[in-house]
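Presented below is the structure to which this report refers.
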Amino acid sequence: MSGRGKGKGKETATQRRESPAGELVATKAAAKTAAQTAAKVAEAAPVDGHKEPRRRRRGTVLEERVGYRFKDGALLDCALTHISALKGARNRAGSYQRLEFLGDHVLGLVISDVLFRAFPKADEGELSRRLADLVRKETCAEIAVTIELGSAIKLGSSEANAGARKRPAILADVCEALIGAVYLDGGYPAAEGLVERLWQVRIQAKAQPVRDSKTVLQEWAQARGLPTPTYREVARTGPDHSPVFCVAVQLPNFAPAEGSGRSKRGAEQAAATAMLARERVKPERRNG
């Protein structure tokens with residue numbers, strides 16, 4: 001009697017497991033597993049018309065090229081995102097623009113520090129000219145090309161079709177945004193290492209001395225039928241043993257430009273450099 005009762009109990013449990021309610025539980029579990037699998041597949045799906053997967057693979061390739069691996073992949077994703085790729089145009093914070101602002105200033109600081117140590121005998125005028133050459137937008141765009149940054153930029157379809165990946169202005173902006181993202185992710189040492197790696201050839205190359213700004217400005221003025229530029233001291237500050245001079249350079253039909261330095265000659269050079277920069281005249285390098 002007791003054996004038959006246990007047998008019936010087992011049979012009843014088996015019947016319960018094979019009941020419609022049990023089948024429903026199993027079906028829900030299978031559906032959940034399928035949904036999770038589908039989500040993983042969707043996460044790896046191509047975006048922006050490319051055959052590469054989302055940020056994870058694209059970021060990994062770029063990280064290998066620049067020699068830095070992000071701890072926070074969202075920073076890299078933001079640095080590579082053009083505003084045209086955002087669904088809400090108002091959400092500008094999701095694009096690279098804020099990181100570009102930060103990266104621009106980090107780049108300037110790193111390059112200034114490197115130049116200060118690399119050229120101990122250079123005065124502030126020469127250092128300023130070298131700095132301007134290394135941080136200008138054209139240089140940033142050239143760096144971006146060397147690391148194939150254009151292929152990693154996330155763009156809206158219209159911008160992508162218009163060839164924005166090769167546009168120098170966008171390449172330069174994203175390059176600066178990348179520096180800003182590395183700074184936030186790894187601090188100043190990480191950003192410094194990145195800039196020194198990417199700018200190494202340009203910094204270490206024994207560039208020919210930059211021509212004297214006053215000479216370049218004089219030649220530029222003469223080529224346009226203008227008289228020799230004149231220089232006028234407009235201010236002198238600081239103690240007598242360490243004065244700072246402010247000098248203005250003047251040319252007919254042009255607004256004066258000012259520069260400052262520890263000597264009158266240095267201030268004149270700075271003023272000439274300021275006018276050349278304003279008029280978009282790049283000092284050439286000496287031959288030989």
Side-chain angles (χ1 to χ4, degrees), residues 48-50 52 55 58-59 61-68 70 75-86 92 94-115 127-185 190-205 207-208 210 273 276-285:
D48 193 20
H50 287 269
E52 59 188 3
R55 192 214 64 80
R58 181 178 62 231
V61 173
L62 181 61
E63 286 164 353
E64 291 177 355
R65 287 199 291 262
V66 302
Y68 179 80
F70 279 81
L75 283 170
L76 176 59
D77 190 57
C78 185
L80 298 176
T81 301
H82 188 268
I83 192 171
S84 65
L86 301 175
R92 303 176 72 89
S95 72
Y96 61 67
Q97 292 176 337
R98 281 172 53 84
L99 287 173
E100 174 210 343
F101 165 80
L102 177 61
D104 176 44
H105 290 77
V106 173
L107 173 63
L109 176 59
V110 173
I111 296 296
S112 297
D113 181 38
V114 171
L115 291 176
L127 292 175
S128 295
R129 290 189 292 273
R130 291 184 183 277
L131 173 65
D133 185 55
L134 288 168
V135 303
R136 63 195 182 102
K137 290 292 185 180
E138 292 83 356
T139 301
C140 291
E142 292 169 3
I143 294 292
V145 171
T146 63
I147 59 175
E148 301 178 29
L149 190 56
S151 62
I153 301 175
K154 188 177 180 180
L155 296 161
S157 57
S158 59
E159 289 288 339
N161 293 334
R165 297 182 189 283
K166 297 181 179 180
R167 199 174 301 162
I170 291 180
L171 288 172
D173 290 348
V174 177
C175 183
E176 291 175 340
L178 178 64
I179 295 170
V182 170
Y183 172 76
L184 290 179
D185 190 72
E192 181 183 36
L194 175 73
V195 171
E196 289 184 347
R197 283 192 299 277
L198 298 184
W199 268 258
Q200 182 177 20
V201 174
R202 289 168 171 79
I203 293 173
Q204 292 185 347
Q208 297 172 349
V210 179
T273 300
L276 290 171
R278 189 186 66 198
E279 302 303 324
R280 300 180 183 276
V281 180
K282 182 181 177 182
E284 299 175 351
R285 301 188 183 278

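Treat the numbers as computed from the prediction; the structure is a model and nothing was measured.
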Would you check if [X] and [Y] make a side-chain contact, meaning some heavy-atom pair closer than 4.5 Å?
| X | Y | value |
| --- | --- | --- |
| Ile203 | Ile111 | yes |
| Leu198 | Thr146 | no |
| Val182 | Val66 | no |
| Leu80 | Leu62 | yes |
| Leu115 | Leu134 | yes |
| Cys78 | Leu99 | yes |
| Leu171 | Ile153 | yes |
| Tyr68 | Asp185 | yes |

On a heavy-atom basis, which atom in [X] and which in [Y] lie closest, and how many Å separate them?
| X | Y | result |
| --- | --- | --- |
| Ala164 | Leu155 | CB-CD1, 3.9 Å |
| Ser151 | Arg65 | OG-NH2, 3.9 Å |
| Cys175 | Trp199 | SG-CH2, 4.0 Å |
| Pro168 | Ala141 | O-CB, 3.6 Å |

Could you walk me through whether Cys140 and Leu107 pass the side chain to side chain contact (heavy atoms under 4.5 Å, CB included) check?
CA-CA 10 Å; Cys140 291; Leu107 173 63; 3.7 Å; yes
Checking Glu192 against Asp113 for the side chain to side chain contact (heavy atoms under 4.5 Å, CB included) test, could you report, in this order, the C-alpha distance in whole Å, the side-chain angles of both residues, the deciding distance, and whether it holds?
CA-CA 10 Å; Glu192 181 183 36; Asp113 181 38; 3.7 Å; yes
Separation between [atom1] of [X] and [atom2] of [Y], rounded to the nearest 0.5 Å:
| X | Y | atom1 | atom2 | value |
| --- | --- | --- | --- | --- |
| Asp104 | Lys137 | CG | NZ | 5.5 Å |
| Leu109 | Tyr183 | CG | OH | 8.5 Å |
| Ile170 | His82 | CD1 | NE2 | 4.0 Å |
| Leu127 | Leu131 | CG | CG | 8.5 Å |
| Ile179 | Leu184 | CD1 | CG | 12.5 Å |
| Glu100 | His105 | CD | NE2 | 10.5 Å |

Go through the steps for Glu138 and Arg202 under the test salt bridge (Lys or Arg N to Asp or Glu O under 4.0 Å), then give the verdict.
CA-CA 13 Å; Glu138 292 83 356; Arg202 289 168 171 79; over 6 Å; no
Any donor-acceptor pair under 3.5 Å from Ser84 side chain to Gly156 backbone
yes
Arg129, Arg130, Arg136 screened by salt bridge (charged side-chain N to carboxylate O under 4.0 Å, His left out) with Asp133, the one that passes:
Arg136
